[in-house]
Protein chains: 2
Amino acid sequence: MVGSLTRAPLLAQEHVIAERKRRERISQSLLSLAALIPGLKKKDKNSVLGDAIEYLKQLQERKARLEEQIANRTVESVKFVKKTTQFYVQDDQTSSSDENFDTQSKNPFPDIEARVSNKDVLIRIHCETNKGCISNIISEVEKLHLSVLNSNALPFGQATLYITIVAQMDDEFSMTLRDLVKTLREGLLNFM
Amino acid sequence: MVGSLTRAPLLAQEHVIAERKRRERISQSLLSLAALIPGLKKKDKNSVLGDAIEYLKQLQERKARLEEQIANRTVESVKFVKKTTQFYVQDDQTSSSDENFDTQSKNPFPDIEARVSNKDVLIRIHCETNKGCISNIISEVEKLHLSVLNSNALPFGQATLYITIVAQMDDEFSMTLRDLVKTLREGLLNFM
DNA sequence: TCGAACACGTGATCC
DNA sequence: TGGATCACGTGTTCG
């Protein structure tokens with residue numbers, strides 16, 4: 001009933017106010033939610049919810065796909081190399097792609113291998129030991145907008161070195177991995 | 001006014017029903033939205049919205065990070081390989097060099113590569129970082145009648161290690177390189 | 001006029 | 001008993 005007194009008038013007023021606040025919070029949340037949805041036209045309550053749902057599903061799906069991609073990308077293939085090709089490209093997916101890129105086949109060294117993980121780069125080089133070899137190599141690496149975090153050189157066999165370098169790309173770095181290897185190799189050939 | 005007749009009674013009923021439907025649609029949407037949020041306890045209207053907002057932001061952030069990762073990570077892993085006569089590693093008889101390894105197993109690790117030069121052996125391992133990893137590996141290597149001269153482990157990427165070991169065969173060593181890798185891999189799989 | 005969307009006050013319910 | 005939440009019917013506004 002309209003005029004019923006089931007509640008003391010004072011409490012009734014508090015009730016009204018409380019409800020008002022509650023409504024206010026909800027519509028604020030709804031507004032914040034709407035702000036997160038890209039390309040939202042209808043500000044209509046139910047549209048906001050509907051589009052939020054749709055967008056959320058889409059995000060979850062995409063996130064899952066990206067994560068799967070990344071996970072699969074870490075999977076490395078072969079290590080036992082048997083090809084004698086000069087320039088052996090090894091993709092992650094196809095473990096035996098042996099297209100032949102020719103380089104000058106005189107000197108087998110340096111042998112270069114590179115991998116990336118986010119902004120980090122791992123470089124492995126197999127080359128002849130010669131004077132200033134290591135500092136030259138590191139200097140070459142740093143020319144490529146890479147800052148060397150760690151390096152290690154192991155002598156092995158007759159006058160050869162196995163060098164492992166971990167470096168980090170700076171903001172200017174923009175090469176593909178393949179170009180990195182190619183450029184580095186050309187740089188190193190100058191003093192070898 | 002309460003009893004006002006601004007509306008015909010029949011239309012008034014339609015109004016009520018329409019509003020009922022509208023409310024129903026909204027609460028359905030809200031329910032669907034709640035269903036998409038993982039680990040949601042309070043089914044309270046505003047909590048659903050609040051958590052949806054939070055979750056959405058989190059997803060957007062993660063998606064952005066993943067996309068950045070993918071963009072910066074070049075698809076391939078490129079490798080220069082030269083055949084060298086002095087390091088006679090390559091396996092020339094079979095056409096697919098990885099047939100003897102269980103590349104089918106879910107975990108690609110450990111990735112093992114080995115080379116020899118006279119009595120010296122170079123072993124490179126790419127594996128996940130886990131407890132006691134390095135000492136276990138070295139212990140496994142020594143089981144194969146190899147004495148470790150030098151070892152180096154570089155963390156790279158997400159919880160993986162690039163390990164390089166130089167060892168020397170003792171008189172009892174008689175394995176082929178291929179068997180060495182195979183045996184070592186099997187040994188390592190026991191604790192990985 | 002009609003249909004849709006909204007905010008409001010209110011009674012009920014659940015810790 | 002409060003304090004918070006909910007669904008409801010209603011008046012109003014907009015296209």
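The sequence lines fix the lettering, A, B, ..., with proteins before strands; numbering per chain opens at 1.
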Length of the line joining B:Arg20:CZ and C:dA4:P, which is rounded to integer Å: 16 Å
Would you kindly give the CD-to-C1' distance between B:Glu24 and D:dC8, to the nearest whole Å? 13 Å
I'd like to check the salt bridge (charged side-chain N to carboxylate O under 4.0 Å, His left out) partners of A:Arg20; sequence neighbours left out, ordered by chain and number. none
With no angle test and no hydrogens, is the base of C:dC2 tied to the side chain of B:Glu14 by a donor-acceptor pair under 3.5 Å? no
Quick one, which residues of residues 27-49 of chain B touch DNA chain C with a heavy atom under 4.0 Å? none
Between B:Ile123 and the options B:Val166, B:Leu184, B:Ile137, the side chain to side chain contact (heavy atoms under 4.5 Å, CB included) test singles out B:Leu184
All N/O donor-acceptor pairs, side-chain side in residues 27-36 of chain A, below 3.5 Å, sequence neighbours left out:
unit_1  : atom_1 : unit_2  : atom_2 : d
A:Ser27 : OG     : A:Arg23 : O      : 2.8
A:Ser27 : OG     : A:Glu24 : O      : 3.3
A:Ser29 : OG     : A:Arg25 : O      : 3.1
A:Ser29 : OG     : B:Asn46 : OD1    : 2.8
A:Ser32 : OG     : A:Gln28 : O      : 3.1

Round to the nearest Å and state the distance from A:His15 atom NE2 to C:dG11 atom C1'. 7 Å
If I take atom CD1 in residue B:Ile26 and atom P in nucleotide D:dA7, what distance separates them, rounded to the nearest angstrom? 11 Å
Checking D:dG9, C:dC8, D:dT5 against the side chain of B:Val16 (C-beta onward), the nearest is D:dG9
Take atom NZ of A:Lys21 and atom P of D:dG3, then tell me their distance rounded to the nearest Å. 14 Å
Non-neighbouring partners of B:Ser151 that pass side chain to side chain contact (heavy atoms under 4.5 Å, CB included), sequence neighbours left out: B:Ile138, B:Val148, B:Ile165
5'-most contact on DNA chain C: B:Arg23 or B:Ala18, nearest heavy atom basis? B:Ala18
Nearest to the side chain of B:Arg22, which nucleotide is it out of C:dC6, D:dA7, C:dG9? C:dC6
How long is the line joining CD1 of A:Ile17 and P of C:dC8, in whole Å? 13 Å
So which residues get pulled into B:Val16's cluster when ILVMFWY side chains under 4.5 Å apart are joined, directly or through others? none
Going by salt bridge (charged side-chain N to carboxylate O under 4.0 Å, His left out), name the residues that satisfy it together with B:Lys143, two or more places apart in sequence or in a different chain. B:Glu140
Between C:dG3 atom C1' and B:Gln13 atom CD, what is the distance in whole Å? 17 Å
